[in-house]
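The next block holds one structure in the form of structure tokens; read it before the comments.
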Amino acid sequence: MPPATRNAFRYLCWCLSRALVSSRACTDLPAGQSEWEGLLRLSGEHLVVPQLRWALREQGLWAALPAEVADYLDAVYTLNLERNCGCEEQLRELVTRLNGIGVVPVLLKGAAALIDGLYPTAGERMMSDLDVLVPANRLPEALHALAAVGYRPTVDAGERLPDPVGYDKVVHHYPALISSDWSCRVELHVHPVHLPFAGLLPSDEVFADGRQPDWRGGCCALPSETHFLMHNLIHSFLNNTLLRLQRVSLRQLFEFVLASQRYGGTIDWPKLHERFARHGYENECRRYLALAQECLDFAPQYAGEPAIDSRDRNANAWEIFRLEADSRGLEWTLNAAAQIRARLERVRREPGRIRMLTKARFYSNFFRSLGR
């Protein structure tokens, strides 16, 4: 049965889980225009519109959809498929350029999912940028190689570009690169995750254990199945949700469950569990799995998967409340707190930036960030 509480978040979770657990049918579609509008709006905010389309098609419910809903889902999917096909071409050129200087990059997050065929087609996964891991000591050469084909870093007016030499001691990726020839921003990483969590997933380990796919003649690597899950958990939950106060991303949670099913027994769950426990994040690891279970019916299937219980589910009460509340005011307040904290931390790390407090651009950027 569908959830008794028909709020947009619960209904979206119910629909998405049908793509992951196809044996459980979703037979109760939203009732009326307002429920459909709430469902589609929230799926857009979480960047899971193509997954929602996939879930409804998986259950054979497409013919029962209102015509305007089906048209909207198809339009978003078609545009996203077209964009992602362009992203694949962009990645092909990017990999070729990096190979030309002897660098074999590791593709991260959406780029890895796209190239590995994690989803049924390239259109089911929305992407905001292309994340690529390169050796820290090769970053200056990589930037030079990409500059030769039109890539340039994005920085605020008047701000100087950071020195790429030794950049791995400062931030986990260089300022995003853009090119007028391509639609996606490129982030060259020197660490796969943010610096506070670099010990959880060291870059040298990601390079050493990477899988090399046979892809379009270029030489690139993908994170191991275990590292892919670890990266998802660290980036989405430890960093974005717990550290940066962002709400849980259903797109990332969906991808975690999908990858768990797809990669199955190749995942080294004992290693994953031991690594998080050794670094003091055992509870957070279990909490993320508990969120996946409550939201998307994630069910542990393999030996060594961290055990979750009612304590882990109870620890997520605030995150679930926040998702169900779907309150713009609440999100604005939390976003403001996160932005203030992030800016103060940046000034603490780089005291010279305190002069930015005297510039109007600092405050305009701050208020613009609150609308994200």
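Numbering of residues begins at 1 and proceeds along the displayed sequence.
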*Residue Glu274 excluded, over 12 heavy atoms near CD under 6.0 Å*: yes

*Tell me, which pairs form a ring pair (Phe, Tyr, Trp, His ring centres under 6.0 Å) where one or both residues lie in residues 35-64, sequence neighbours left out?*
Trp54-Phe254

*Taking C-beta and beyond as the side chain, do Tyr72 and Val49 meet within less than 4.5 Å on heavy atoms?*
yes

*Could you give all pairs that pass the salt bridge (Lys or Arg N to Asp or Glu O under 4.0 Å) test and reach residues 252-263, with sequence neighbours left out?*
Arg125-Glu255

*Residues in salt bridge (Lys or Arg N to Asp or Glu O under 4.0 Å) contact with Arg313, at least two apart in sequence or another chain*: none

*Name all residues meeting the side chain to side chain contact (heavy atoms under 4.5 Å, CB included) criterion together with Asn283; count only those two or more places apart in sequence or in a different chain, and write none if there are none.*
Arg286

_Within 6.0 angstrom of Gln212 CD, more than 12 heavy atoms from elsewhere_ = yes

*Apply the test side-chain hydrogen bond (donor to acceptor under 3.5 Å, both in side chains) to residues Glu282 and His273: give CA-CA distance (whole Å), side-chain angles for both, the deciding distance (0.1 Å), then the verdict.*
CA-CA 7 Å; Glu282 180 180 10; His273 189 199; 3.2 Å; yes

*Determine whether more than 12 heavy atoms belonging to other residues, nucleotides or ligands lie under 6.0 Å from atom CZ of Arg41.*
yes

_So, using side chain to side chain contact (heavy atoms under 4.5 Å, CB included) as the criterion, who are the partners of Thr226 when residues are at least two apart?_
Ser224, Met230, Ile267, Asp268, Leu272

*Identify, with sequence neighbours excluded, every residue that meets ring-ring contact (aromatic ring centres under 6.0 Å, His included) alongside Tyr174.*
Tyr167

*Kindly indicate, with the supporting measurements, whether the criterion side-chain contact (heavy atoms from CB on, under 4.5 Å) is fulfilled by Leu188 and Leu143.*
CA-CA 8 Å; Leu188 289 184; Leu143 290 169; 3.8 Å; yes

*Any side-chain heavy atom of Glu319 sitting closer than 4.5 Å to one from Glu294?*
no

*asked:* Would you say that Asp309 contacts Asp312 through its side chain, given a criterion of any heavy-atom pair below 4.5 Å between the two side chains?
replied: yes

*Got a sec, which pairs hit salt bridge (Lys or Arg N to Asp or Glu O under 4.0 Å) with one end in residues 102-111, sequence neighbours left out?*
Lys109-Asp131

*Taking salt bridge (Lys or Arg N to Asp or Glu O under 4.0 Å) as the test, write out the residues that go with Asp163, two or more places apart.*
none

*Determine whether the side chains of Tyr119 and Asn84 contain a donor N or O and an acceptor N or O closer than 3.5 Å.*
no

*Closest approach of Asp168 and Val190, non-hydrogen atoms and distance?*
CA-CG2, 3.6 Å

*Under the side chain to side chain contact (heavy atoms under 4.5 Å, CB included) test, residues paired with Tyr281 that sit two or more places apart*: Phe197, Leu200, Leu238, Phe276, His279, Glu284

*Would you check if Ser236 and Leu253 make a side-chain contact, meaning some heavy-atom pair closer than 4.5 Å?*
no

*Test: Arg275 and Glu205 ion pair at under 4.0 Å*: yes

*Answer with yes or no whether the side chains of Glu124 and Thr121 bring together a donor and an acceptor at under 3.5 Å.*
yes

*For Arg322 and Leu245, work out which heavy atoms get closest and say how close.*
NH2-O, 2.5 Å

*Lys/Arg N to Asp/Glu carboxylate O, Glu324 vs Arg10, below 4.0 Å*: yes

_If the threshold is 4.0 Å, N to carboxylate O, is there a salt bridge linking Arg83 and Glu88?_
no

Please list every donor-acceptor pair under 3.5 Å in which a side-chain atom of residues 91-99 meets a protein atom from a residue at least two apart or in another chain.
unit_1 : atom_1 : unit_2 : atom_2 : d
Arg92  : NE     : Glu89  : OE1    : 3.2
Arg92  : NH2    : Glu89  : OE1    : 3.3
Glu93  : OE1    : Trp182 : NE1    : 3.1
Thr96  : OG1    : Arg92  : O      : 2.8
Asn99  : OD1    : Cys219 : N      : 2.8
Asn99  : ND2    : Val95  : O      : 3.3
Asn99  : ND2    : Val103 : O      : 3.0
Asn99  : ND2    : Cys219 : O      : 2.8

_Contacts of Phe256 that satisfy ring-ring contact (aromatic ring centres under 6.0 Å, His included) - sequence neighbours left out_ = Tyr288

*Residues forming a side chain to side chain contact (heavy atoms under 4.5 Å, CB included) with His172, sequence neighbours excluded*: His189, His191, His194

*side-chain contact (heavy atoms from CB on, under 4.5 Å) between Glu187 and Leu130, worked out*: CA-CA 6 Å; Glu187 291 186 350; Leu130 300 174; over 6 Å; no

*Please examine the side chains of Val206 and Leu201, heavy atoms only from C-beta on, and report whether any two atoms are closer than 4.5 Å.*
yes

_I'd like to check Gln90 versus Val186 (side-chain heavy atoms, cut-off strictly below 4.5 Å). Are they in contact?_
yes

*Charged N to carboxylate O below 4.0 Å: is that the case for Glu45 and Arg247?*
yes

